[in-house]
Amino acid sequence: MSQAGAPAAASSDEAFAHIALSRRRVARVSRVREVIFGTQDGLLTTLGLVSGVGGATGDRYTVLVAGAAGAFAGMIAMGAGAYISSKSQQEVHEAEVEVERTELSRHPARELEELVHLFQQEGLPEEDARLVAEKIAARPNAMLAAMTRMELGLQVEPGEPIREGGVMALAFAVGALVPILPWLFLSTRHVASVAGMTVSPALVVSAAVTMGALFVMGAGKARVARTSSLRGGLEIMLIGLAAAIVGYALGSFFPLLVGARPPAGGG
């Protein structure tokens with residue numbers, strides 16, 4: 001019987017189950033991060049775009065076409081970028097592993113000494129480091145995994161470039177819809193003045209709902225990272241507000257500078 005207060009011995013099955021649980025948690029966090037990042041990008045870039053076009057013209061059709069075109073282009077760019085990035089990273093890692101495999105085959109003694117040195121850097125005495133390294137070196141697959149992780153600093157996991165690209169593209173598209181939809185239903189006539197700039201109900205609601213969505217996304221990202229949800233939400237929300245203000249200011253004043261401002265329209 002174990003002494004009172006002593007930690008209970010963990011079985012091999014319990015250890016295996018805990019490893020699997022930890023890996024699933026990390027994979028889930030990674031997927032959540034992809035969704036949040038893609039959605040935030042869709043919210044921010046599209047808000048800046050429709051605000052800028054809305055500042056240049058009150059025409060609903062122009063704003064909607066610009067917003068839809070920007071959302072589609074951003075979705076393609078985001079999805080393609082995520083796919084290419086993931087695929088390229090996977091290919092680079094696989095190439096590095098093949099180089100390490102070749103070195104293990106050609107210079108096993110040198111690689112063993114490298115592993116001993118790496119274990120010493122981790123804090124093991126030389127005798128213990130050599131004992132562990134020799135045990136690992138007796139198993140080629142274990143040796144390759146150890147050198148990949150400890151010498152190259154790589155964690156080679158099977159990637160899913162197509163899935164990652166699809167998730168990012170879809171998340172961007174969902175985020176882009178939020179600042180666009182108010183321009184579909186609300187008046188685009190400039191009816192109020194804010195800091196010397198006339199604004200429309202469509203613009204105000206578009207900015208407001210996007211601010212709210214950005215706050216939720218920022219708070220969600222902070223929660224995943226185990227930091228302050230309030231700070232994370234406010235930080236990205238303020239960035240979105242800046243994007244809306246700068247976009248609208250550029251749309252309002254730049255056409256005047258070049259003498260190309262069209263007559264206000266909308267409804």
Side-chain angles (χ1 to χ4, degrees), residues 32-60 62-75 77-78 81 168-257 261 264-266:
V32 170
R33 185 172 61 246
E34 290 173 3
V35 170
I36 290 176
F37 177 73
T39 305
Q40 280 186 351
D41 201 38
L43 288 163
L44 282 170
T45 57
T46 309
L47 175 63
L49 175 61
V50 298
S51 297
V53 177
T57 174
D59 182 63
R60 185 193 311 277
T62 303
V63 175
L64 290 175
V65 169
F72 181 75
M75 180 180 69
M78 180 67 73
M168 293 294 281
L170 182 59
F172 184 97
V174 171
L177 282 175
V178 175
I180 292 175
L181 286 177
W183 292 91
L184 186 62
F185 301 108
L186 299 175
S187 172
T188 61
R189 292 187 183 278
H190 295 166
V191 295
S193 179
V194 177
M197 296 183 291
T198 55
V199 297
S200 67
L203 175 64
V204 172
V205 174
S206 174
V209 296
T210 304
M211 294 303 102
L214 284 170
F215 181 86
V216 172
M217 291 291 103
K221 182 173 65 176
R223 184 175 179 83
V224 169
R226 300 181 182 181
T227 58
S228 169
S229 297
L230 179 61
R231 180 177 178 180
L234 288 175
E235 182 179 53
I236 191 64
M237 188 178 73
L238 291 175
I239 293 173
L241 181 61
I245 293 173
V246 171
Y248 189 75
L250 287 174
S252 297
F253 298 125
F254 184 75
L256 292 176
L257 294 177
R261 184 176 182 109

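As the structure is a computational prediction, the values presented were derived from the model and not from experiment. Counting begins at 1 with the first residue of the sequence.
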Measure the [atom1]-[atom2] distance between [X] and [Y] for me, rounded to the nearest 0.5 Å.
{"X": "Thr39", "Y": "Leu177", "atom1": "OG1", "atom2": "CG", "value": "10.5 Å"}
{"X": "Thr210", "Y": "Leu43", "atom1": "OG1", "atom2": "CG", "value": "6.0 Å"}
{"X": "Thr227", "Y": "Glu235", "atom1": "OG1", "atom2": "CD", "value": "9.0 Å"}
{"X": "Leu214", "Y": "Met237", "atom1": "CG", "atom2": "CE", "value": "9.0 Å"}

Next item on the list: Would you check, one step at a time, whether the test side chain to side chain contact (heavy atoms under 4.5 Å, CB included) holds for Met211 with Leu47?
Entry: CA-CA 10 Å; Met211 294 303 102; Leu47 175 63; 3.4 Å; yes
Test item: [X] and [Y] side chains (from C-beta on) under 4.5 Å apart, heavy atoms:
{"X": "Val209", "Y": "Pro179", "value": "no"}
{"X": "Ile236", "Y": "Phe215", "value": "no"}
{"X": "Val50", "Y": "Trp183", "value": "yes"}
{"X": "Gln40", "Y": "Phe172", "value": "no"}
{"X": "Arg60", "Y": "Leu64", "value": "yes"}

Quick check: closest heavy atoms across [X] and [Y], and the distance to 0.1 Å?
{"X": "Met75", "Y": "Ala173", "value": "SD-CB, 3.6 Å"}
{"X": "Leu49", "Y": "Gly70", "value": "CD2-CA, 3.7 Å"}
{"X": "Ser51", "Y": "Leu203", "value": "OG-CD1, 3.7 Å"}
{"X": "Val35", "Y": "Ala171", "value": "O-CB, 3.5 Å"}

